[in-house]
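To start, the structure under review is shown below, and the notes come after it.
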Amino acid sequence: MRLLTISLVFAFLFFCGAGPPPSVLADDSQSVAFDTTRMVKEIQVLSSPEFSGRQTGTDGGLASAAFVAQRFRELGLTPAGNIGLGPGKKPWGQSGPVNVTQIQEPTLLEFTVTTPAGKSNTFTPEVGTGFLPVLDSPSVHVTAPVVFVGYGISDPARGWDEYEGVDVRNRVVLFLRGKPSHYPKHIHHTEKERIAREKGAVAFITLTGPVLSPYAARRGMSFQPLAFYSNATNKRPLSGVWIDGKIGTALFKSEGLDLSAIQETLNKNPTIQSRILKTIVRMRWETTSRSGSFMNVLGMIPGSNPVRQQETIIIGAHRDHFGQQAGLMFPGADDNASGTALLLETARILMKSGPSKRTILFASFSGEEQNLLGSTWYVQHPTRPLVNTIAMINVDHVGIGNGQLTVGVTHLPKDVAGRAAHRAGLSDKVKLYGFFPGGDHVPFANMDIPTIAVVTAGTHPHFHQTSDTFDTIQPERLRTAAQFVLALTQQLANPN
(Lines give C-alpha, C1' and ligand atoms only; values in the text may rest on other atoms or scores of the structure.)
Protein backbone atom coordinates (compact mmCIF):
# COMPACT_ATOMS: atom_id res chain seq x y z
CA MET A 1 0.00 0.00 0.00
CA ARG A 2 2.89 2.35 0.78
CA LEU A 3 4.38 1.80 -2.69
CA LEU A 4 1.01 2.46 -4.29
CA THR A 5 0.71 5.71 -2.33
CA ILE A 6 4.18 6.80 -3.43
CA SER A 7 3.28 6.00 -7.06
CA LEU A 8 0.12 8.08 -6.88
CA VAL A 9 2.00 11.01 -5.32
CA PHE A 10 4.60 10.91 -8.10
CA ALA A 11 1.88 10.73 -10.74
CA PHE A 12 0.11 13.75 -9.22
CA LEU A 13 3.31 15.82 -9.11
CA PHE A 14 4.25 14.87 -12.66
CA PHE A 15 0.95 15.81 -14.21
CA CYS A 16 0.83 19.06 -12.23
CA GLY A 17 4.19 19.95 -13.74
CA ALA A 18 6.05 19.78 -10.42
CA GLY A 19 7.86 16.49 -10.85
CA PRO A 20 11.37 15.74 -9.62
CA PRO A 21 14.29 16.88 -11.77
CA PRO A 22 15.15 14.67 -14.74
CA SER A 23 17.82 12.03 -14.33
CA VAL A 24 21.26 12.75 -15.72
CA LEU A 25 23.68 10.20 -17.12
CA ALA A 26 27.29 11.29 -17.12
CA ASP A 27 29.01 10.99 -20.48
CA ASP A 28 32.50 11.94 -21.60
CA SER A 29 31.22 14.86 -23.63
CA GLN A 30 27.73 15.73 -22.45
CA SER A 31 24.92 15.19 -19.97
CA VAL A 32 21.75 13.51 -21.18
CA ALA A 33 18.45 14.25 -19.48
CA PHE A 34 15.68 11.67 -19.08
CA ASP A 35 12.09 12.85 -19.12
CA THR A 36 10.45 10.50 -16.63
CA THR A 37 7.21 12.43 -16.95
CA ARG A 38 7.08 11.52 -20.64
CA MET A 39 7.61 7.81 -19.88
CA VAL A 40 4.87 7.80 -17.25
CA LYS A 41 2.45 9.46 -19.65
CA GLU A 42 3.23 6.92 -22.39
CA ILE A 43 2.44 4.12 -19.93
CA GLN A 44 -0.82 5.79 -18.97
CA VAL A 45 -1.88 6.03 -22.62
CA LEU A 46 -0.83 2.49 -23.61
CA SER A 47 -2.57 0.91 -20.61
CA SER A 48 -5.78 2.92 -21.09
CA PRO A 49 -9.06 1.48 -22.45
CA GLU A 50 -8.20 3.13 -25.78
CA PHE A 51 -6.01 0.11 -26.61
CA SER A 52 -8.19 -2.52 -24.87
CA GLY A 53 -5.26 -4.38 -23.36
CA ARG A 54 -3.23 -4.57 -26.61
CA GLN A 55 -3.97 -8.22 -27.38
CA THR A 56 -2.04 -9.41 -30.41
CA GLY A 57 -4.12 -9.43 -33.59
CA THR A 58 -7.02 -7.38 -32.21
CA ASP A 59 -7.96 -3.81 -33.13
CA GLY A 60 -6.38 -2.66 -29.88
CA GLY A 61 -3.15 -4.48 -30.65
CA LEU A 62 -2.93 -3.01 -34.14
CA ALA A 63 -3.81 0.47 -32.83
CA SER A 64 -0.91 0.22 -30.37
CA ALA A 65 1.39 -0.59 -33.31
CA ALA A 66 0.22 2.54 -35.12
CA PHE A 67 0.76 4.53 -31.93
CA VAL A 68 4.39 3.40 -31.60
CA ALA A 69 5.03 3.96 -35.32
CA GLN A 70 3.72 7.50 -34.95
CA ARG A 71 6.05 8.08 -32.00
CA PHE A 72 9.00 6.72 -34.01
CA ARG A 73 8.05 9.07 -36.85
CA GLU A 74 7.82 12.08 -34.52
CA LEU A 75 11.22 11.26 -33.03
CA GLY A 76 12.80 11.21 -36.49
CA LEU A 77 13.78 7.55 -36.59
CA THR A 78 14.37 5.85 -39.93
CA PRO A 79 11.77 3.21 -40.90
CA ALA A 80 13.30 -0.26 -40.57
CA GLY A 81 10.40 -2.59 -41.35
CA ASN A 82 9.36 -4.22 -44.59
CA ILE A 83 5.67 -3.26 -44.82
CA GLY A 84 3.92 0.07 -44.75
CA LEU A 85 2.35 1.32 -41.52
CA GLY A 86 0.69 4.64 -40.76
CA PRO A 87 0.67 7.91 -42.74
CA GLY A 88 2.47 7.58 -46.04
CA LYS A 89 2.62 3.80 -45.51
CA LYS A 90 6.33 3.98 -44.70
CA PRO A 91 7.88 0.60 -43.85
CA TRP A 92 7.73 0.74 -40.06
CA GLY A 93 6.01 -2.64 -39.74
CA GLN A 94 6.68 -6.35 -39.90
CA SER A 95 3.71 -8.69 -39.78
CA GLY A 96 2.91 -12.38 -39.45
CA PRO A 97 -0.05 -14.65 -38.68
CA VAL A 98 -1.57 -15.22 -35.25
CA ASN A 99 -4.59 -17.08 -33.93
CA VAL A 100 -6.71 -14.64 -31.93
CA THR A 101 -8.72 -16.29 -29.15
CA GLN A 102 -10.98 -14.49 -26.70
CA ILE A 103 -12.90 -15.91 -23.76
CA GLN A 104 -16.42 -14.51 -23.78
CA GLU A 105 -18.58 -13.73 -20.78
CA PRO A 106 -20.32 -15.15 -18.89
CA THR A 107 -17.94 -17.76 -17.53
CA LEU A 108 -18.86 -20.33 -14.90
CA LEU A 109 -16.79 -22.51 -12.63
CA GLU A 110 -18.74 -24.38 -9.95
CA PHE A 111 -17.61 -27.06 -7.50
CA THR A 112 -19.91 -29.45 -5.66
CA VAL A 113 -18.03 -31.26 -2.90
CA THR A 114 -19.24 -34.21 -0.84
CA THR A 115 -17.90 -33.94 2.71
CA PRO A 116 -16.86 -36.93 4.87
CA ALA A 117 -20.23 -36.57 6.62
CA GLY A 118 -22.01 -37.05 3.30
CA LYS A 119 -23.13 -33.42 2.95
CA SER A 120 -22.92 -31.65 -0.42
CA ASN A 121 -21.43 -28.16 -0.52
CA THR A 122 -21.48 -26.05 -3.69
CA PHE A 123 -19.34 -22.96 -4.24
CA THR A 124 -18.69 -20.76 -7.25
CA PRO A 125 -15.38 -18.83 -7.44
CA GLU A 126 -15.37 -15.38 -9.00
CA VAL A 127 -13.72 -14.95 -12.39
CA GLY A 128 -10.56 -12.85 -12.21
CA THR A 129 -9.81 -13.43 -8.53
CA GLY A 130 -10.93 -17.00 -7.92
CA PHE A 131 -10.19 -18.42 -11.37
CA LEU A 132 -9.17 -17.57 -14.93
CA PRO A 133 -9.70 -19.73 -18.00
CA VAL A 134 -6.50 -20.47 -19.88
CA LEU A 135 -6.74 -17.92 -22.67
CA ASP A 136 -6.51 -20.25 -25.64
CA SER A 137 -8.93 -22.78 -24.15
CA PRO A 138 -11.70 -23.91 -26.50
CA SER A 139 -15.35 -23.40 -25.57
CA VAL A 140 -16.34 -25.80 -22.83
CA HIS A 141 -19.62 -27.17 -21.43
CA VAL A 142 -18.57 -29.87 -18.98
CA THR A 143 -19.94 -31.35 -15.79
CA ALA A 144 -17.65 -34.15 -14.59
CA PRO A 145 -15.90 -35.71 -11.58
CA VAL A 146 -12.46 -34.35 -10.60
CA VAL A 147 -9.36 -36.53 -10.38
CA PHE A 148 -6.26 -35.25 -8.56
CA VAL A 149 -3.07 -36.28 -10.42
CA GLY A 150 -0.40 -34.59 -8.30
CA TYR A 151 1.86 -32.53 -10.53
CA GLY A 152 0.34 -34.11 -13.65
CA ILE A 153 3.49 -35.99 -14.70
CA SER A 154 3.52 -39.32 -16.51
CA ASP A 155 7.07 -40.54 -17.04
CA PRO A 156 7.25 -44.33 -16.49
CA ALA A 157 10.83 -44.44 -17.81
CA ARG A 158 11.94 -42.40 -14.81
CA GLY A 159 9.68 -44.28 -12.42
CA TRP A 160 7.20 -41.45 -11.92
CA ASP A 161 3.69 -41.86 -13.35
CA GLU A 162 0.99 -39.95 -11.50
CA TYR A 163 -1.72 -41.36 -13.77
CA GLU A 164 -0.95 -44.93 -12.73
CA GLY A 165 -3.93 -46.53 -11.02
CA VAL A 166 -6.47 -43.78 -11.77
CA ASP A 167 -8.90 -43.58 -14.67
CA VAL A 168 -9.29 -40.01 -15.94
CA ARG A 169 -11.35 -40.76 -19.05
CA ASN A 170 -14.27 -38.31 -19.36
CA ARG A 171 -13.15 -36.64 -16.15
CA VAL A 172 -11.49 -33.35 -15.25
CA VAL A 173 -7.91 -33.65 -13.97
CA LEU A 174 -6.53 -31.33 -11.30
CA PHE A 175 -2.78 -30.88 -11.09
CA LEU A 176 -0.31 -28.64 -9.25
CA ARG A 177 1.91 -26.22 -11.11
CA GLY A 178 5.61 -26.96 -11.17
CA LYS A 179 7.19 -30.30 -10.30
CA PRO A 180 8.30 -32.28 -7.24
CA SER A 181 11.85 -31.51 -6.15
CA HIS A 182 13.01 -35.11 -6.73
CA TYR A 183 11.88 -35.16 -10.39
CA PRO A 184 15.03 -34.36 -12.44
CA LYS A 185 13.48 -33.02 -15.64
CA HIS A 186 11.89 -29.63 -16.28
CA ILE A 187 8.28 -30.01 -17.36
CA HIS A 188 6.27 -27.31 -19.09
CA HIS A 189 2.52 -26.80 -18.72
CA THR A 190 2.04 -27.75 -22.39
CA GLU A 191 3.45 -31.21 -21.66
CA LYS A 192 1.07 -31.70 -18.74
CA GLU A 193 -1.84 -30.67 -20.94
CA ARG A 194 -0.77 -33.12 -23.64
CA ILE A 195 -0.58 -35.97 -21.14
CA ALA A 196 -4.06 -35.18 -19.77
CA ARG A 197 -5.51 -35.10 -23.28
CA GLU A 198 -3.92 -38.41 -24.25
CA LYS A 199 -5.16 -40.04 -21.05
CA GLY A 200 -8.74 -39.09 -21.97
CA ALA A 201 -9.44 -36.13 -19.69
CA VAL A 202 -12.12 -33.71 -20.92
CA ALA A 203 -10.62 -30.65 -19.21
CA PHE A 204 -8.06 -29.66 -16.58
CA ILE A 205 -7.74 -27.51 -13.47
CA THR A 206 -4.36 -26.20 -12.32
CA LEU A 207 -3.28 -24.30 -9.22
CA THR A 208 -0.23 -23.22 -7.25
CA GLY A 209 0.05 -25.53 -4.27
CA PRO A 210 0.35 -24.28 -0.67
CA VAL A 211 4.05 -25.26 -0.55
CA LEU A 212 5.87 -22.74 -2.75
CA SER A 213 9.08 -23.78 -4.47
CA PRO A 214 12.23 -21.84 -3.46
CA TYR A 215 12.16 -20.11 -6.87
CA ALA A 216 8.53 -19.04 -6.48
CA ALA A 217 9.11 -17.85 -2.93
CA ARG A 218 12.19 -15.87 -3.99
CA ARG A 219 10.20 -14.13 -6.70
CA GLY A 220 7.43 -13.27 -4.26
CA MET A 221 4.87 -15.31 -6.18
CA SER A 222 1.55 -16.06 -4.57
CA PHE A 223 -1.40 -18.38 -5.18
CA GLN A 224 -3.66 -16.23 -7.35
CA PRO A 225 -4.56 -17.29 -10.92
CA LEU A 226 -2.62 -15.59 -13.69
CA ALA A 227 -3.48 -15.00 -17.33
CA PHE A 228 -1.54 -17.16 -19.77
CA TYR A 229 -1.78 -19.09 -23.04
CA SER A 230 -1.05 -22.80 -23.01
CA ASN A 231 0.53 -22.49 -26.47
CA ALA A 232 -0.34 -26.11 -27.16
CA THR A 233 0.91 -27.14 -30.59
CA ASN A 234 -0.19 -29.67 -33.20
CA LYS A 235 -3.50 -30.51 -31.50
CA ARG A 236 -6.42 -28.47 -30.26
CA PRO A 237 -5.76 -27.23 -26.72
CA LEU A 238 -7.55 -28.93 -23.85
CA SER A 239 -9.99 -26.64 -22.05
CA GLY A 240 -8.55 -25.57 -18.73
CA VAL A 241 -8.68 -23.16 -15.86
CA TRP A 242 -6.25 -21.83 -13.24
CA ILE A 243 -7.87 -21.53 -9.81
CA ASP A 244 -6.67 -19.62 -6.76
CA GLY A 245 -4.49 -21.90 -4.63
CA LYS A 246 -6.45 -21.04 -1.50
CA ILE A 247 -9.63 -22.28 -3.17
CA GLY A 248 -7.87 -25.51 -4.02
CA THR A 249 -6.74 -25.92 -0.41
CA ALA A 250 -10.31 -25.29 0.78
CA LEU A 251 -11.67 -27.82 -1.73
CA PHE A 252 -9.39 -30.54 -0.32
CA LYS A 253 -10.21 -29.52 3.24
CA SER A 254 -13.92 -29.92 2.50
CA GLU A 255 -13.17 -33.55 1.64
CA GLY A 256 -11.18 -34.00 4.85
CA LEU A 257 -7.83 -33.84 3.01
CA ASP A 258 -4.76 -31.72 3.72
CA LEU A 259 -3.34 -30.46 0.41
CA SER A 260 -0.24 -29.06 2.11
CA ALA A 261 0.60 -32.47 3.60
CA ILE A 262 -0.09 -34.17 0.26
CA GLN A 263 2.24 -31.76 -1.55
CA GLU A 264 4.95 -32.20 1.10
CA THR A 265 4.76 -35.96 0.58
CA LEU A 266 4.99 -35.52 -3.20
CA ASN A 267 8.05 -33.30 -2.78
CA LYS A 268 9.95 -35.40 -0.25
CA ASN A 269 9.04 -38.95 -1.18
CA PRO A 270 8.51 -40.49 -4.62
CA THR A 271 5.08 -41.68 -3.53
CA ILE A 272 2.11 -41.23 -5.85
CA GLN A 273 -0.75 -39.26 -4.27
CA SER A 274 -3.27 -39.34 -7.12
CA ARG A 275 -6.92 -40.06 -6.29
CA ILE A 276 -10.48 -39.59 -7.45
CA LEU A 277 -11.99 -36.73 -5.47
CA LYS A 278 -15.55 -36.52 -4.20
CA THR A 279 -15.99 -33.34 -6.21
CA ILE A 280 -18.02 -32.54 -9.32
CA VAL A 281 -17.04 -29.51 -11.37
CA ARG A 282 -19.09 -27.51 -13.87
CA MET A 283 -17.13 -25.49 -16.44
CA ARG A 284 -18.94 -23.23 -18.89
CA TRP A 285 -17.65 -20.59 -21.30
CA GLU A 286 -17.54 -19.73 -24.98
CA THR A 287 -14.34 -18.96 -26.86
CA THR A 288 -14.14 -17.12 -30.15
CA SER A 289 -11.23 -17.84 -32.46
CA ARG A 290 -10.13 -16.20 -35.69
CA SER A 291 -7.07 -15.62 -37.81
CA GLY A 292 -5.28 -12.32 -37.37
CA SER A 293 -1.91 -10.64 -37.75
CA PHE A 294 0.71 -9.55 -35.26
CA MET A 295 2.70 -6.40 -35.93
CA ASN A 296 6.30 -5.66 -35.00
CA VAL A 297 7.22 -1.96 -35.28
CA LEU A 298 10.83 -1.23 -36.28
CA GLY A 299 12.73 2.05 -36.43
CA MET A 300 16.43 2.81 -36.39
CA ILE A 301 19.18 5.37 -36.03
CA PRO A 302 21.74 4.61 -38.79
CA GLY A 303 25.34 4.44 -37.63
CA SER A 304 27.80 7.20 -38.51
CA ASN A 305 30.88 5.08 -39.14
CA PRO A 306 31.06 3.86 -42.77
CA VAL A 307 32.21 0.41 -41.67
CA ARG A 308 30.51 0.04 -38.27
CA GLN A 309 27.12 1.22 -39.53
CA GLN A 310 26.60 -2.23 -41.05
CA GLU A 311 26.60 -3.61 -37.49
CA THR A 312 23.41 -3.43 -35.42
CA ILE A 313 22.50 -3.11 -31.77
CA ILE A 314 18.84 -4.03 -31.16
CA ILE A 315 16.81 -2.64 -28.26
CA GLY A 316 13.55 -4.57 -27.97
CA ALA A 317 10.45 -4.42 -25.79
CA HIS A 318 7.22 -6.31 -26.32
CA ARG A 319 4.12 -4.18 -26.67
CA ASP A 320 1.35 -6.78 -26.44
CA HIS A 321 -0.67 -7.96 -23.46
CA PHE A 322 -3.82 -10.09 -22.93
CA GLY A 323 -6.56 -7.70 -24.04
CA GLN A 324 -10.16 -8.28 -22.93
CA GLN A 325 -10.96 -11.76 -21.65
CA ALA A 326 -14.01 -13.14 -19.81
CA GLY A 327 -15.39 -9.63 -19.37
CA LEU A 328 -12.12 -8.38 -17.84
CA MET A 329 -9.51 -6.01 -19.24
CA PHE A 330 -5.81 -6.61 -18.69
CA PRO A 331 -4.15 -3.16 -18.92
CA GLY A 332 -0.52 -4.38 -18.89
CA ALA A 333 1.03 -1.21 -17.46
CA ASP A 334 4.17 -2.87 -16.11
CA ASP A 335 3.92 -5.72 -18.63
CA ASN A 336 5.01 -4.20 -20.89
CA ALA A 337 3.85 -0.64 -21.43
CA SER A 338 6.75 0.21 -19.11
CA GLY A 339 9.33 -1.35 -21.43
CA THR A 340 7.68 0.28 -24.45
CA ALA A 341 7.83 3.70 -22.79
CA LEU A 342 11.50 3.15 -21.96
CA LEU A 343 12.15 2.13 -25.57
CA LEU A 344 10.61 5.37 -26.82
CA GLU A 345 12.48 7.52 -24.31
CA THR A 346 15.80 5.86 -25.13
CA ALA A 347 15.16 6.52 -28.83
CA ARG A 348 14.41 10.18 -28.05
CA ILE A 349 17.62 10.64 -26.06
CA LEU A 350 19.80 8.90 -28.63
CA MET A 351 18.32 10.97 -31.47
CA LYS A 352 19.25 14.13 -29.54
CA SER A 353 22.73 12.77 -28.77
CA GLY A 354 23.60 12.23 -32.41
CA PRO A 355 24.35 8.98 -34.24
CA SER A 356 26.56 6.28 -32.78
CA LYS A 357 29.16 4.37 -34.78
CA ARG A 358 26.88 1.33 -35.09
CA THR A 359 23.25 1.32 -36.21
CA ILE A 360 20.70 1.09 -33.40
CA LEU A 361 17.44 -0.71 -34.17
CA PHE A 362 14.40 -0.14 -31.93
CA ALA A 363 12.00 -3.09 -32.00
CA SER A 364 8.49 -2.98 -30.55
CA PHE A 365 7.59 -6.66 -30.64
CA SER A 366 4.10 -8.15 -30.66
CA GLY A 367 3.04 -11.68 -29.73
CA GLU A 368 5.44 -12.13 -26.81
CA GLU A 369 2.68 -13.53 -24.61
CA GLN A 370 1.91 -16.08 -27.33
CA ASN A 371 5.15 -18.01 -27.39
CA LEU A 372 7.38 -15.11 -28.49
CA LEU A 373 5.74 -14.83 -31.91
CA GLY A 374 7.07 -11.40 -32.87
CA SER A 375 10.70 -11.85 -31.86
CA THR A 376 10.78 -15.35 -33.33
CA TRP A 377 9.42 -13.97 -36.59
CA TYR A 378 12.11 -11.28 -36.61
CA VAL A 379 15.01 -13.72 -36.32
CA GLN A 380 13.43 -15.77 -39.13
CA HIS A 381 12.81 -12.65 -41.27
CA PRO A 382 15.39 -10.08 -40.11
CA THR A 383 15.35 -6.62 -41.64
CA ARG A 384 19.00 -6.20 -40.61
CA PRO A 385 21.40 -9.13 -41.19
CA LEU A 386 21.66 -11.34 -38.11
CA VAL A 387 25.30 -12.01 -38.90
CA ASN A 388 25.95 -8.30 -38.25
CA THR A 389 23.75 -8.08 -35.15
CA ILE A 390 26.19 -7.44 -32.32
CA ALA A 391 23.76 -7.65 -29.40
CA MET A 392 20.09 -7.59 -28.48
CA ILE A 393 18.90 -5.75 -25.34
CA ASN A 394 15.45 -6.83 -24.11
CA VAL A 395 13.48 -4.60 -21.73
CA ASP A 396 10.50 -6.04 -19.87
CA HIS A 397 8.73 -5.24 -16.58
CA VAL A 398 10.63 -2.10 -15.58
CA GLY A 399 7.89 -0.11 -13.83
CA ILE A 400 7.71 -1.79 -10.41
CA GLY A 401 10.31 -3.28 -8.08
CA ASN A 402 12.67 -2.87 -5.15
CA GLY A 403 15.05 -0.31 -6.66
CA GLN A 404 17.49 -2.77 -8.19
CA LEU A 405 17.80 -4.23 -11.69
CA THR A 406 18.06 -7.91 -12.58
CA VAL A 407 20.17 -8.30 -15.72
CA GLY A 408 20.67 -11.58 -17.57
CA VAL A 409 23.66 -11.78 -19.91
CA THR A 410 24.11 -14.44 -22.60
CA HIS A 411 27.03 -14.98 -25.03
CA LEU A 412 28.84 -11.96 -23.56
CA PRO A 413 31.14 -11.44 -20.58
CA LYS A 414 29.07 -10.15 -17.66
CA ASP A 415 31.63 -7.38 -17.28
CA VAL A 416 30.18 -5.72 -20.39
CA ALA A 417 26.99 -5.00 -18.45
CA GLY A 418 29.00 -4.30 -15.32
CA ARG A 419 30.94 -1.51 -17.03
CA ALA A 420 27.69 0.04 -18.27
CA ALA A 421 26.29 -0.07 -14.74
CA HIS A 422 29.41 1.68 -13.44
CA ARG A 423 29.20 4.31 -16.16
CA ALA A 424 25.60 5.02 -15.20
CA GLY A 425 26.45 5.20 -11.49
CA LEU A 426 24.38 2.08 -10.79
CA SER A 427 26.96 -0.53 -9.79
CA ASP A 428 25.23 -1.06 -6.45
CA LYS A 429 21.82 -1.50 -8.10
CA VAL A 430 22.55 -3.87 -11.01
CA LYS A 431 22.67 -7.59 -10.25
CA LEU A 432 24.17 -9.69 -13.03
CA TYR A 433 23.09 -13.23 -13.93
CA GLY A 434 23.33 -15.63 -16.85
CA PHE A 435 20.65 -16.66 -19.32
CA PHE A 436 17.00 -15.86 -18.53
CA PRO A 437 14.71 -18.63 -19.89
CA GLY A 438 11.79 -16.37 -20.88
CA GLY A 439 11.37 -13.23 -23.00
CA ASP A 440 11.95 -11.81 -26.46
CA HIS A 441 15.73 -12.17 -26.13
CA VAL A 442 15.42 -15.97 -26.23
CA PRO A 443 15.05 -16.38 -30.05
CA PHE A 444 18.16 -14.21 -30.47
CA ALA A 445 20.15 -16.16 -27.88
CA ASN A 446 19.12 -19.36 -29.65
CA MET A 447 20.80 -17.94 -32.76
CA ASP A 448 23.98 -17.32 -30.72
CA ILE A 449 23.46 -13.57 -30.74
CA PRO A 450 24.60 -11.93 -27.49
CA THR A 451 21.65 -10.80 -25.37
CA ILE A 452 21.11 -8.67 -22.28
CA ALA A 453 17.71 -8.96 -20.57
CA VAL A 454 16.73 -6.12 -18.24
CA VAL A 455 13.95 -6.27 -15.65
CA THR A 456 13.43 -4.50 -12.35
CA ALA A 457 14.22 -6.71 -9.37
CA GLY A 458 11.84 -7.61 -6.57
CA THR A 459 8.25 -8.74 -6.71
CA HIS A 460 5.85 -7.74 -9.46
CA PRO A 461 2.61 -8.30 -7.53
CA HIS A 462 0.29 -7.51 -10.47
CA PHE A 463 1.99 -9.80 -12.98
CA HIS A 464 -0.54 -11.14 -15.56
CA GLN A 465 -3.48 -9.77 -13.59
CA THR A 466 -6.17 -7.15 -14.19
CA SER A 467 -4.56 -5.08 -11.40
CA ASP A 468 -1.52 -4.26 -13.59
CA THR A 469 -2.71 -0.68 -13.92
CA PHE A 470 -1.06 2.69 -14.47
CA ASP A 471 -1.42 3.80 -10.85
CA THR A 472 0.92 1.03 -9.65
CA ILE A 473 3.90 2.30 -11.68
CA GLN A 474 6.89 3.64 -9.72
CA PRO A 475 8.64 6.38 -11.75
CA GLU A 476 11.96 5.96 -9.93
CA ARG A 477 12.16 2.38 -11.15
CA LEU A 478 11.66 3.54 -14.73
CA ARG A 479 14.41 6.12 -14.37
CA THR A 480 16.91 3.58 -13.00
CA ALA A 481 16.22 1.15 -15.85
CA ALA A 482 16.46 3.94 -18.44
CA GLN A 483 19.83 5.07 -17.10
CA PHE A 484 21.25 1.58 -17.38
CA VAL A 485 19.79 0.79 -20.81
CA LEU A 486 21.08 4.06 -22.26
CA ALA A 487 24.58 3.53 -20.86
CA LEU A 488 24.64 -0.04 -22.13
CA THR A 489 23.43 0.97 -25.60
CA GLN A 490 25.94 3.76 -25.94
CA GLN A 491 28.76 1.46 -24.85
CA LEU A 492 27.82 -1.29 -27.31
CA ALA A 493 27.11 1.09 -30.17
CA ASN A 494 30.41 2.94 -29.89
CA PRO A 495 33.27 0.42 -29.90
CA ASN A 496 36.82 1.74 -29.67
Minimum heavy-atom separation for V430 to F484, with atom names?
CG2-CD1, 4.0 Å
Give the minimum heavy-atom separation between A227 and F330, together with the two atoms involved.
CB-CE2, 3.7 Å
Nearest 0.5 angstrom please: L109 CG to T124 OG1, how far?
8.0 Å
Centroid separation under 6.0 Å, is that true for the rings of H464 and F322?
yes
Distance-only donor-acceptor check, side chains S289 and T101, under 3.5 Å
no
Picking from N394, L373, D396, N336, what satisfies side chain to side chain contact (heavy atoms under 4.5 Å, CB included) with E368?
D396
If the plane angle is over 60° it's perpendicular, under 30° parallel, otherwise tilted; pick one for Y378 and F365.
perpendicular
Check: Q370 side chain, N99 main-chain N or O, donor-acceptor pair, under 3.5 Å:
yes
Is there a donor-acceptor pair closer than 3.5 Å between any side-chain N or O of T208 and the backbone N or O of Q224?
no
About how many Å separate CD of E286 and OG of S137, when rounded to the nearest 0.5 Å?
12.5 Å
Short question: side chain of H318, backbone of S375 - any donor-acceptor pair under 3.5 Å?
no
In terms of heavy-atom contacts, does CD of E126 have more than 12 from other residues, nucleotides or ligands at under 6.0 Å?
no
Do D136 and S230 have side-chain atoms, one donor and one acceptor, less than 3.5 Å apart?
yes
Would a distance-only check, ignoring hydrogens and angles, find a side-chain to backbone donor-acceptor pair under 3.5 Å from T383 to G81?
no
So, does Q102 use its side chain to make a donor-acceptor pair with the main chain of T288 at under 3.5 Å?
no
Which is it for T143 and R284 under the side-chain hydrogen bond (donor to acceptor under 3.5 Å, both in side chains) test, yes or no, and what are the steps along the way?
CA-CA 9 Å; T143 300; R284 299 282 192 277; 3.1 Å; yes
Aromatic plane relationship, Y433 with F436 - under 30° parallel, 30 to 60° tilted, over 60° perpendicular
tilted
The reported gap from CD1 in I243 to CZ in F223 (rounded to nearest 0.5 angstrom) is 13.0 Å
CG/D334 to CD/Q474 distance, rounded to the nearest 0.5 angstrom?
8.5 Å
Any donor and acceptor pair, going by atom type alone, linking the side chain of N121 with main-chain N or O of V113 inside 3.5 Å?
no
Taking the side chain from K429 and the backbone from A481, do they hold a donor-acceptor pair closer than 3.5 Å?
no
Which pair of heavy atoms, one from A347 and one from L75, lies closest together, and at what distance?
CB-CD1, 4.0 Å
Regarding E42 and T340, is there a side-chain donor-to-acceptor distance under 3.5 Å anywhere?
no
Closest non-hydrogen atom pair, A326 against T107:
CB-CG2, 3.8 Å
Under 3.5 Å: donor-acceptor pair, side chain of R54, backbone of R319
yes
Applying side-chain hydrogen bond (donor to acceptor under 3.5 Å, both in side chains) to E369 and T56, what does each step give before you reach the verdict?
CA-CA 9 Å; E369 304 292 3; T56 302; over 6 Å; no
Suppose we call two aromatic rings close when their centres sit under 6.0 Å apart. Are F51 and H321 close by that rule?
no
Distance-only, no hydrogens or angles: does the N296 side chain make a donor-acceptor pair with backbone N or O of S366 under 3.5 Å?
yes
Which heavy atom of L478 sits nearest to which heavy atom of V40, and what is that distance?
CD1-CG2, 4.1 Å
Ignoring hydrogens and geometry, is there a side-chain-to-backbone donor-acceptor pair from Q404 to K431 under 3.5 Å?
no
Which heavy atom in G57 sits nearest to a heavy atom in V100, and how many Å separate them?
CA-CG2, 3.8 Å
